[in-house]
Amino acid sequence: MTALVLLEVENGEVRQASRSALTAAAHFGDVDAIVFGEGASAAAALPGVKRVLSVPALATDLAEPAADLLASIAKDYSHIVASASASGKNILPRLAGLLDVQPVPDVVEIKDAETFVRPIYAGNALATVRSADSIKVLTIRSSSFDPAPKDGGSAAVETLEAPASEKSVFVKVELSASDRPELESARVVISGGKGMKDAANFKLLEPIADKLNAAIGASRSAVDSGFAPNEMQVGQTGKIVAPELYIAVGLSGAIQHLAGMKDSRVIVAINTDPEAPIFRVADYGIVGDLFEVLPALEKAL
Ligand SMILES: Cc1cc2nc3c(=O)[nH]c(=O)nc-3n(C[C@H](O)[C@H](O)[C@H](O)COP(=O)(O)OP(=O)(O)OC[C@H]3O[C@@H](n4cnc5c(N)ncnc54)[C@H](O)[C@@H]3O)c2cc1C
């Protein structure tokens, strides 16, 4: 059996989430990797990759040409795997449609080559599913698989042409610049909720994040209120994180938020309401006003 893993490259490096997808793909035997745009050499350096298929002409991962290309080479593979990132979620279900197979999204555990575990109902139940499809198309939850190392491998690189597609065009991308660690791979995350009251107060999280080398997250209410950009949202409809330490500040802990962070190793909650549901999952809780607790915490660090 050979699996194909779709790798995402950012600033010349394979994203940590994709290295977790490689770890998952290695359960199925040999692994080939496919990479769109630049980044073939970073992909070739990953240990465990047998062959890199490089598609430099597909610089932006538009779902239509990417899925067409994957479908054209899919018959060589038993499994096609990507991380459950925005890109993986965009491309792989389309590929599954083209192959007439059922995609298995957000896998957290691989039992065997056809049996997978995935969370349902916002993470409140785990479904074990068996796929009888000839080609299994999977996205994996990266926080559930250790990332493969960045180097040590030396795979051969083959270049593929991109198929023509007029269905969609790439216009532009607007990225928020940040020196902080990526939310999904940070070891520490500090998140603010509606209790932060306004966007200016979100800055209170920054000195603490700096000291802890933490990423900053937000609840959906905080995002909807304009306190933080969309890409900072943690939860069922945002990013799924499982850091070593998650500090929840002024957020109630709604079920849809918990879906994105309850697998964190240690959870700390700061909230004025002792009945807030966040305290049910918190290992350490401070019932108190964040406007007093945050400056005290910053000072103590
Ligand atoms: C389909 C669907 C998908 C959703 N997806 C997501 C998602 O991905 N992520 C997500 O987060 N939400 C999601 N939600 C929204 C979710 O249901 C909640 O509305 C949201 O998480 C609440 O955000 P919050 O905790 O910041 O706000 P609130 O629930 O308003 O909580 C604010 C908290 O701050 C506390 N507080 C107030 N002042 C202070 C103070 N001075 N000091 C300390 N504490 C204070 C309050 O006691 C309260 O507990 C989704 C909802 C739906 C229906």
Side-chain angles (χ1 to χ4, degrees), residues 17 83-90 93 105-106 108 118-125 139 141-144 176 182-186 188-209 212 214-243 245-264 267-301:
S83 87
S85 61
S87 172
K89 288 193 269 193
N90 189 20
D106 229 4
V108 295
R118 57 175 302 259
I120 54 172
Y121 305 136
N124 286 296
T139 61
R141 186 171 284 193
S142 48
S143 55
S144 300
S176 10
E182 247 185 281
L183 196 50
E184 289 141 301
S185 50
V188 180
V189 173
I190 182 164
S191 286
K194 194 71 190 290
M196 298 297 296
K197 308 274 194 291
D198 67 36
N201 291 334
F202 241 73
K203 296 218 178 322
L204 292 173
L205 303 175
E206 288 177 7
I208 297 170
L212 297 174
I216 299 182
S219 71
R220 173 145 145 195
S221 290
V223 170
D224 287 349
S225 309
F227 302 174
N230 267 312
E231 63 268 25
M232 275 166 58
Q233 183 178 319
V234 171
Q236 187 186 340
T237 44
K239 293 186 173 152
I240 312 277
V241 302
L245 173 63
Y246 188 89
I247 308 175
V249 185
L251 62 82
S252 59
I255 189 169
Q256 297 90 352
H257 188 81
L258 301 184
M261 46 62 77
K262 71 178 168 45
D263 291 332
S264 307
I267 298 172
V268 173
I270 303 168
N271 198 307
T272 41
D273 174 9
E275 302 298 325
I278 191 71
F279 287 120
R280 283 186 226 142
V281 297
D283 299 278
Y284 300 94
I286 301 173
V287 177
D289 185 340
L290 68 92
F291 297 103
E292 288 165 20
V293 177
L294 286 180
L297 178 61
E298 184 196 340
K299 220 158 145 202
L301 290 168

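The chain is numbered in sequence order, starting from 1. As the structure lists them, so they are numbered: ligands from 1, and atoms in each ligand from 1.
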Mind running side-chain contact (heavy atoms from CB on, under 4.5 Å) on L258 and I278 for me, showing each step along the way?
-> CA-CA 8 Å; L258 301 184; I278 191 71; 4.0 Å; yes

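No donor-acceptor pair closer than 3.5 Å links the side chain of D106 to the backbone N or O of T139.
Partners of S225 according to the side chain to side chain contact (heavy atoms under 4.5 Å, CB included) rule, which considers only residues two or more places apart in sequence or in another chain, are K194, F227. For E206, the salt bridge (charged side-chain N to carboxylate O under 4.0 Å, His left out) criterion is met by no residue, not counting sequence neighbours. Scored by the side-chain hydrogen bond (donor to acceptor under 3.5 Å, both in side chains) test, E298 finds no partners at all (sequence neighbours excluded).
Closer than 4.0 angstrom to ligand 1 by heavy atom are G193, K194, G195, K197, S219, R220, S221, Q233, V234, G235, Q236, T237, G238, G250, L251, S252, A254, Q256, H257, N271, T272, D273, G288, D289, L290, F291, sorted by chain and number.
Across all their heavy atoms, L205 and L294 have their closest contact at CD2-CD1, 3.9 Å.
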